[in-house]
Amino acid sequence: MHVNADQLKKFILDTNLVSAKDIDDAEKKVKGTDVTFDELLVRDGKLTADDLRQMKGYIMGIPFINLKVEKIDPSILSLIPEPIARNHNIIAFKKDAKSLEVAMLDTDDLEAINFVKKKVGLKILPRLTDTESMKSVLLQYQKSLKAEFGDIIKQGSEELHAIPDVLEGEERSEEDLKKLAHDLPVVRIVDTLLNHAVLQGVSDIHIEPMEKQVVVRYRIDGILHDAMVLPKNTASGITARLKVLSNLKLDEKRLPQDGRFKIETATNSVAFRVSILPTYYGEKTVMRLLKEGGGGFSLEGLGFHGEALERIHLATKQKTGMILVTGPTGSGKSTTLYTILDLLNTPEVNISTIEDPVEYQMARVNQSQVRPDIGFTFSEGIRTLVRQDPDIIMVGEIRDHETASLAVNAALTGHLVLSTLHTNSSSGTIPRLIDMEVEPFLLVSTINVVVAQRLVRRLCGAKEKYFATKSELASLSKTVDMDKVLKQLKEENIIKANQNWDTIPFYKQKKSTECESGYAGRLVIHEVLKMSSTIKEIILRGGSSDEIEKQAIKEGMVSMIEDGMFKAVQGLTTIEEILRVISE
């Protein structure tokens, strides 16, 4: 929006939101540049973009509307397709016989206005709104789409009821299965199921044949939920369809199969990692959803902070050694590893990976996938990678002696090696590698840091504040060093220097229309063990994981449960969620 600078300056001064001195300083700084003084005020945090937008709209006589709590009629909302609404920040919210009112963040976006005008054939009346209103209404698209998908699923399952059953003991031929996989009801139900899962932010889909029905479950934020129940005779069609998409053998029902396929949505590309396992009542399918383009994460965004973050950054600056990420299945190890890899991914280094499977494609990284069926294993992959002149090697997972030995040797011979293991704690990594017959003196020479982590559900914006009672604090103190957590909170300026646990709030989930469970998304709770000289001595004399952990904590390592309490005070998650995940 183009507004006279003097007029805007006078209006800003009249609002008392910014001092005359700040405006003068901004005008001096932008002289001779393409930046305007108001843009600089926003950049420096003196003024919010929404405040500036509202002022300009007032000067130009464009009405401002607040849609934060408005429920828009789905028939009006759908007049503008979601991709256009999201990319151009334009929302249809009110309509009469001759005109359509649209809310926008930029009323100068003539391309969007003209598109909507051609599509609906009405006069377009632009109105200004703020970013929170825009976010709130864009969520309504998802809600209406979910309702629509619910109807399609219901309709599709009714059509699938019409598919004839196979007599007990009989098997459908490959030709029949191929035909079934392309039947319209099967295609529709599978497409709907996949799109519905993407919309809901599902991480895994379970399709489980039972004696008399097929149960579909979604894992959302780490928790499995029943999504739908389908008739028993739909099982073979759905499995056949997924096998066709994943390029798997249709007539193989006795052995497990693994595959992969990809779908494009309006906003992104999603890869589905497919695993099919024969069970008593038929083939069970589990799909892991992976949004493609592994970038876009940061260690801070994942939940790393303070001394732990510094330890990881320091380890990434080393030219040799090992960075290990540990935790159970589904604890976000791969995401952390790819995020570290993204930090290291510069034009000056050659990065090669050996993975099972390749979960995210990364530009300028040479990624290989193991193929045990033809002899291309992790160990064979590492042998080949070291002949490819790499600076950095990522090994998807260390599972056995040979892989562990080759990874350690690669770290000893001038490479930085990143990998994952399945252990419950950072200190438990050392005994695990020794069990794999890696010599302790090699471990102390190569390991830089070990990151252990879990994923906890993140609280929504709507949450309930409360203060822990003395008995609750006393109970927590039995498992958590609350004094240490308090000290860390003060050091990182999360709380004031004079606060204690009596005045520090915690938070509980609060269900709302935007956030049904009170949680949305997940974040990492972690501990980062640094290989110090004293820890090396404990390892060399055969010390236990408990000894290693005690020494690491003495040297400043924040344990996973302590990091969880830190995040609970920040209002990112709840104490109940921390205890649920740590005790699993």
Side-chain angles (χ1 to χ4, degrees), residues 74-75 77-78 81-83 141-166 172-210 212-220 225-251 253 257 259-276 281-292:
S75 64
L77 187 68
S78 61
E82 187 194 7
Y141 270 102
Q142 294 198 7
K143 289 182 187 300
S144 61
L145 279 170
K146 284 178 190 176
E148 180 188 331
F149 278 134
D151 292 340
I152 294 172
I153 285 166
K154 187 180 175 185
Q155 179 191 350
S157 58
E158 285 168 0
E159 291 178 3
L160 283 165
H161 268 296
I163 295 172
D165 282 313
V166 209
R172 283 192 169 97
S173 68
E174 186 178 3
E175 197 58 44
D176 284 345
L177 287 168
K178 197 176 286 184
K179 185 182 174 186
L180 191 58
H182 291 91
D183 272 0
L184 186 61
V186 173
V187 172
R188 184 183 295 150
I189 200 78
V190 170
D191 286 355
T192 302
L193 190 148
L194 299 179
N195 283 304
H196 193 221
V198 172
L199 270 179
Q200 294 215 54
V202 170
S203 63
D204 302 84
I205 304 171
H206 293 240
I207 302 170
E208 303 171 316
M210 301 294 176
K212 296 180 179 177
Q213 60 193 22
V214 177
V215 175
V216 179
R217 296 196 287 169
Y218 288 159
R219 189 177 294 279
I220 302 172
H225 304 270
D226 283 1
M228 61 197 83
V229 175
L230 299 172
K232 175 68 176 177
N233 63 333
T234 63
S236 53
I238 291 171
T239 306
R241 178 65 186 164
L242 292 171
K243 283 182 177 179
V244 166
L245 291 172
S246 311
N247 200 25
L248 299 176
K249 293 178 182 176
L250 277 170
D251 57 344
K253 296 184 178 182
Q257 295 191 74
R260 189 184 180 101
F261 65 91
K262 184 167 70 173
I263 65 170
E264 303 283 342
T265 70
T267 52
N268 52 31
S269 175
V270 182
F272 290 78
R273 197 174 82 196
V274 181
S275 171
I276 296 178
Y281 289 117
E283 292 175 287
K284 175 184 175 179
T285 304
V286 176
M287 290 177 278
R288 168 69 54 91
L289 280 67
L290 302 159
K291 288 185 181 176
E292 297 214 320

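- The side-chain heavy atoms of Ile189 and Thr234, taken from C-beta on, include no pair separated by under 4.5 Å.
- Taken to the nearest 0.5 Å, the CZ atom of Arg288 stands 6.0 Å off from the OG atom of Ser203.
- How far CG of Leu194 is from CZ of Arg241: 9.5 Å, rounded to the nearest 0.5 Å.
- Side-chain contact between Asp191 and Ile263 is absent, with no heavy atoms from C-beta onward closer than 4.5 Å.
- In this structure, Thr239 OG1 and Glu283 CD are separated by 5.5 Å, a value rounded to the nearest 0.5 Å.
- Within the 4.5 Å cutoff, the side chain of Phe272 has no heavy atoms near those of the Leu242 side chain.
- The two residues Val274 and Phe261 make their nearest non-hydrogen contact at CG2-CE2, 3.5 Å.
- For the pair His182/Val244, a side-chain contact is recorded, criterion being any heavy-atom separation below 4.5 Å from C-beta on.
- Summarising the geometry, atom CG belonging to Asp204 is positioned 12.0 Å from atom OH belonging to Tyr218; distances are rounded to the nearest 0.5 Å.
- By the 4.5 Å heavy-atom criterion applied to side chains, Val202 and His196 are not counted as neighbours.
- You'll find the side chain of Arg217 stays beyond 4.5 Å of the side chain of Met228, heavy atoms only.
- Note that CD of Gln213 and OH of Tyr281 are 11.0 Å apart. Values are rounded to the nearest 0.5 Å.
- Using a 4.5 Å cut-off on side-chain heavy atoms (C-beta onward), Lys284 and Pro209 make contact.
- Here CZ of Arg219 is found 12.5 Å from CG of Leu289. Values are rounded to the nearest 0.5 Å.
- Of the possible polar contacts, one joining the Ser78 side chain to the Ser75 backbone as a donor-acceptor pair under 3.5 Å is found.
- The closest donor-acceptor contact from the side chain of Lys232 to the backbone of Met210 lies under 3.5 Å.
- Looking only at side-chain heavy atoms (C-beta outward), Ile238 and Thr285 stay at 4.5 Å or farther from each other.
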